[in-house]
Amino acid sequence: MILIEVDPTSVTAGLIPLALTLAALVVLVLLYRSMRKHIRFADELPTEAEMRDRRRQERKAETDGHQEGPDASRTPHPVARDDL
């Protein structure tokens with residue numbers, strides 16, 4: 001059953017598939033360049049282990065610098081006897 005009879009010599013490939021393929025290639029190139037830019041930025045970020053070490057060092061520096069005696073952690077300001 002043939003619905004439309006077409007002469008095979010008159011059928012040619014259209015330019016639309018070629019244009020779509022070229023457009024897809026351009027989009028892929030732009031995505032690749034954007035991905036490279038973001039990966040370079042992400043490579044400079046510290047890792048989770050480095051962040052943990054930095055937080056530990058900051059906490060250690062805070063606790064070493066602020067404690068003056070055994071009661072320094074409980075009462076930040078001395079309380080006068082008359083205020084009680």
Side-chain angles (χ1 to χ4, degrees):
M1 177 168 138
I2 297 176
L3 296 177
I4 300 175
E5 191 168 326
V6 179
D7 184 24
T9 58
S10 65
V11 176
T12 60
L15 294 177
I16 292 176
L18 179 63
L20 290 176
T21 303
L22 292 176
L25 285 174
V26 168
V27 168
L28 284 175
V29 168
L30 292 175
L31 284 172
Y32 176 74
R33 292 183 70 203
S34 175
M35 180 185 67
R36 276 187 23 208
K37 176 182 163 188
H38 284 87
I39 287 176
R40 274 194 222 123
F41 175 74
D43 283 343
E44 296 172 4
L45 295 175
T47 62
E48 186 175 344
E50 292 171 345
M51 289 299 292
R52 262 189 263 123
D53 290 340
R54 187 180 301 165
R55 277 190 233 122
R56 284 185 192 139
Q57 290 172 355
E58 288 172 358
R59 273 190 253 126
K60 185 177 179 185
E62 286 177 3
T63 57
D64 290 346
H66 291 302
Q67 286 185 352
E68 297 169 359
D71 294 333
S73 62
R74 286 192 287 165
T75 57
H77 305 298
V79 178
R81 282 283 198 202
D82 296 337
D83 294 341
L84 296 176

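Just the heavy atoms: all of them, side chains too, but no hydrogens, waters or symmetry mates, feed the values below.
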- prompt: Got a donor-acceptor contact below 3.5 angstrom from the Ser34 side chain to the Leu30 backbone?
  reply: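 Side chain of Ser34 to backbone of Leu30, a donor-acceptor pair under 3.5 Å: no, none is there.
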
message: Show, in sequence, the C-alpha distance, side-chain angles and deciding distance for Leu31 and Val27, and conclude whether the side-chain contact (heavy atoms from CB on, under 4.5 Å) test is met.
response: CA-CA 6 Å; Leu31 284 172; Val27 168; 4.1 Å; yes

- prompt: Who passes side chain to side chain contact (heavy atoms under 4.5 Å, CB included) against Phe41, sequence neighbours left out?
  reply: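 Expected list: Leu45.
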
field: Sequence-distant partners of Leu20, side chain to side chain contact (heavy atoms under 4.5 Å, CB included), two or more places apart
entry: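 Here the qualifying residues are Ile16.
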
task: Taking the side chain as every heavy atom from C-beta outward, state whether Asp43 and Ile39 have any pair of such atoms under 4.5 Å apart.
output: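 Yes, close enough: below the 4.5 Å cut-off.
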
Using distance only, find each side-chain donor-acceptor pair of residues 51-58 under 3.5 Å and give its atom names and separation, not counting sequence neighbours.
residue, atom, partner, partner atom, Å
Asp53, OD1, Arg56, NH1, 3.4

- prompt: If you count the non-hydrogen atoms of other residues, nucleotides and ligands that lie under 6.0 Å from CD in Glu50, is the total more than 12?
  reply: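 Atom CD in Glu50 is crowded, with more than 12 foreign heavy atoms closer than 6.0 Å.
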
- request: Give a yes or no on this: more than 12 heavy atoms of other residues, nucleotides or ligands lie within 6.0 Å of atom CG of Leu15.
  value: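 It does not: Leu15 CG has 12 such atoms or fewer within range.
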
message: To check you understand the geometry: which heavy-atom pair defines the closest contact between Ser10 and Val6, and what is its length?
response: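 The pair with the smallest heavy-atom distance is OG-CG1, 4.4 Å.
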
